[in-house]
Structures are given as structure tokens and as C-alpha cells.
Amino acid sequence: MSDAVRLDGKVAVITGAGRGQGAAEARLFAASGARVVLGDVREEEGRALAAELGDAARFVRHDVTDADGWRAVVGTAVDAFGRLDILVNNAALWRTAPVEEETEENFARLLRVNLIGPFLGIQAAVPELRRAGGGSIVNISSTAGLRGIPGHSAYGASKFGLRGLTKSAALDLAADRIRVNSVHPGMIDTPMIAEVLGAGPAGRQAPRVPLRRVGQPEEVAELVRFLASDASAYITGAEFAVDGGLTTG
Ligand SMILES: NC(=O)c1ccc[n+]([C@@H]2O[C@H](COP(=O)([O-])OP(=O)(O)OC[C@H]3O[C@@H](n4cnc5c(N)ncnc54)[C@H](O)[C@@H]3O)[C@@H](O)[C@H]2O)c1
């Protein structure tokens with residue numbers, strides 16, 4: 001037993017790691033002893049973060065909708081670090097529109113990036129996770145994957161879908177000791193929702209949130225690290241809100 005959650009010796013793939021929560025997870029994982037492969041379509045940010053993390057990180061320019069690209073990402077983990085233990089399906093797009101104004105094209109795009117992307121990632125990662133003797137997959141859903149939110153038909157469908165994928169995959173993979181869980185952030189202070197939050201501390205107080213503030217990406221990363229680690233060895237198929245109490249009432 002140690003008093004801190006550690007990831008020593010483990011190798012992780014994190015998608016959408018160029019900024020926001022994915023970048024916070026990459027930093028926390030590396031500081032906890034893991035080596036990380038960072039995927040993102042944002043090449044500049046991804047390369048800068050990999051350089052910051054040094055020998056513990058590699059960056060791969062990767063669009064999660066690209067199945068061949070997934071093989072390259074998993075291949076990088078194995079070639080550079082010898083194994084794969086953890087997959088964090090974090091990359092996503094957020095768009096809102098009233099349901100009757102939503103376009104088929106946008107709806108399909110969000111499903112491709114936010115749901116089919118993680119599905120392709122699970123398929124690509126499982127053989128290596130199995131070879132490692134087991135592993136942990138953490139799917140970043142949303143509070144929009146726990147309850148309906150106006151304007152969120154496409155995003156909500158993708159995030160409810162990811163929650164369902166999590167539970168089914170957890171059952172399919174349990175015999176291989178591969179755990180699959182979903183994380184449901186509320187309002188988190190990242191570029192994704194910067195416009196909604198507005199500028200300055202006033203925008204970050206969030207009166208509708210029981211804890212009266214938005215969350216920080218590092219606070220989501222703490223939960224993701226726990227689920228990625230052996231400290232959560234008996235947890236699979238479960239869903240975790242990190243939302244300041246938003247979905248409690
Ligand atoms: N910020 C919030 O309030 C909030 C709330 C609930 C859930 N989430 C979820 O948390 C996760 C992280 O979001 P964030 O807040 O850090 O957002 P963000 O926009 O800051 O970061 C998302 C990252 O994903 C990358 N990305 C987008 N499409 C991609 C693709 N096709 N392939 C590869 N990378 C791609 C982006 O380039 C970006 O770097 C997402 O799954 C998001 O849906 C965020």
C-alpha cells in the first residue's frame with residue numbers, strides 16, 4: 001500500500017492530449033511514473049507537450065476516426081515503451097443546436113469522433129492490453145451522457161453511446177482483466193467551453209453548480225489516474241461523475 005496513486009511501469013495512450021483535460025492527464029500520468037503516447041490532430045500543441053514531458057512521452061498526429069492511425073498509435077506505444085496498459089479515450093468535439101436545426105452531417109460527425117473513435121481505439125488497444133496481462137480503458141463521456149441537456153442531441157447521443165459502449169465492452173473484456181469505465185465531467189475550464197464560460201473569475205463561479213464553481217482539468221485527471229491505476233482493480237463497467245454535484249439534484 002502506498003499513500004499516493006502511482007502508475008510506475010505503465011504505458012498509456014491518451015487521445016486529444018494536445019490541450020485541455022487530455023494534456024492535464026498526460027502531465028499527471030507522467031508525474032506518476034507512467035510513459036504516455038499523446039494523440040491529437042493539434043500537432044503543434046501535442047509536440048510541445050511531448051517535448052515538455054521528455055523521455056516519458058511520444059506524440060503521434062492522429063485523428064481518432066482513422067482506424068489505420070490507431071494501429072500506428074498502439075504501435076508507437078509498443079515500439080517506444082514495450083507495452084500498453086492504459087487507454088484514455090478523451091478526444092471529442094462539442095457542438096450544440098436545437099434538435100430541429102441540427103444537421104445530419106454534424107450529427108454524424110460527432111458520432112464518428114466521440115463514439116466510433118473510442119470504439120476503434122478499444123479494438124486497436126485490446127490485443128496489447130491482453131498481452132500485458134490486463135489493463136484499463138477510461139472513456140471520457142460527459143454529464144450530457146447521464147441526462148438530457150437542451151441543444152445536445154448530437155453530443156448527448158454520442159456521450160450516452162459512449163456510456164453504453166463502456167458497459168458492454170467491460171463485460172466482453174472482464175475475463176481478460178481489462179477494465180472499462182466511463183468518466184462524466186460537468187463544466188470544466190478548458191478551451192472546449194471557453195466561450196460559454198466567458199472571461200474572468202465571474203464566469204467561472206457557475207451558480208447552478210452545487211459546489212458553485214467550474215472544475216479544473218487537473219481535477220478530472222485525478223479521477224482518470226485512479227481509474228487507470230491498480231488502486232481501482234475491482235472497478236469495471238462503472239460511471240463516475242466529476243461535476244461539482246451538477247447531476248445530483
Ligand atoms: N470541458 C468541459 O466542460 C467538458 C464537459 C464534459 C465532457 N467533456 C469531455 O472531456 C473531454 C476533453 O475535453 P476538453 O474539455 O479537454 O476539450 P478540448 O477541446 O480542450 O480538448 C479536446 C482535444 O481533442 C482533440 N480532438 C478533437 N477531435 C479530434 C479527433 N478527431 N482526433 C483526435 N483528437 C481530436 C482536440 O484537438 C483537443 O486537443 C472530451 O471528451 C469532452 O467531450 C468536457
Side-chain angles (χ1 to χ4, degrees), residues 3-5 14-17 19-29 31-32 86 88-99 110 114-115 118 136-167 170 179-229 231-249:
D3 55 4
V5 175
I14 303 174
T15 67
R19 72 180 196 186
Q21 293 172 50
E25 286 148 15
R27 288 191 176 97
L28 187 64
F29 277 29
S32 307
I86 300 159
V88 182
N89 277 313
N90 166 75
L93 294 176
W94 182 61
R95 306 256 189 283
T96 61
V99 65
L110 261 62
N114 299 1
L115 180 56
S136 173
I137 298 171
V138 184
N139 292 324
I140 309 300
S141 177
S142 169
T143 48
L146 294 172
R147 65 179 194 179
I149 302 177
H152 282 64
S153 57
Y155 185 81
S158 73
K159 294 300 191 178
F160 265 84
L162 186 54
R163 179 175 164 216
L165 170 62
T166 299
K167 294 190 189 306
R179 301 180 295 107
V180 193
N181 293 289
S182 61
V183 166
H184 300 261
M187 290 171 69
I188 309 298
D189 191 358
T190 73
M192 179 177 273
I193 61 163
E195 273 176 39
V196 178
L197 292 179
R204 274 140 179 83
Q205 283 172 6
R208 283 189 301 112
V209 178
L211 287 181
R212 298 288 187 276
R213 63 174 180 86
V214 302
Q216 293 304 312
E218 292 76 16
E219 295 176 303
V220 180
E222 290 285 348
L223 173 59
V224 176
R225 176 178 64 169
F226 168 70
L227 292 173
S229 78
S232 59
Y234 199 53
I235 298 176
T236 195
E239 59 199 42
F240 297 86
V242 48
D243 66 354
L246 192 62
T247 49
T248 300

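- Considering all non-hydrogen atoms of both residues, Ser141 and Gly145 come closest at OG-CA, 3.8 Å.
- No side-chain heavy atom of Ile193 sits less than 4.5 Å from a side-chain heavy atom of Ile188.
- To the nearest 0.5 Å, atoms OG (Ser136) and CZ (Arg179) are separated by 4.5 Å.
- Checked by atom type, the side-chain pair Asp243/Thr143 shows no donor-acceptor distance below 3.5 Å.
- A salt bridge links Glu239 with Lys167: the closest approach of a Lys/Arg side-chain nitrogen to an acidic carboxylate oxygen falls below 4.0 angstrom.
- The salt bridge (Lys or Arg N to Asp or Glu O under 4.0 Å) test applied to Arg212 returns no partner, not counting sequence neighbours.
- In this structure, Leu28 and Glu222 have side chains that are in contact, with non-hydrogen atoms separated by less than 4.5 Å.
- The two residues Pro217 and Asp189 have their closest heavy-atom pair at CD-O, 3.5 Å.
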Kindly list each side-chain donor-acceptor pair under 3.5 angstrom involving residues 148-155, sequence neighbours excluded, with atom names and distances?
residue: His152; atom: ND1; partner: Pro150; partner atom: O; Å: 3.0
residue: His152; atom: NE2; partner: Trp94; partner atom: NE1; Å: 3.1

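- The main-chain N or O of Ser182 is never found under 3.5 Å from a side-chain atom of Asn139 such that the two would form a donor-acceptor pair.
- The two residues Phe226 and Val5 make their nearest non-hydrogen contact at CA-CG1, 4.2 Å.
- At a cut-off of 3.5 Å, with distance as the only test, no side-chain donor of Arg147 or Thr247 sits close to an acceptor on the other residue.
- Considering all non-hydrogen atoms of both residues, Pro118 and Leu162 come closest at CB-CD1, 3.6 Å.
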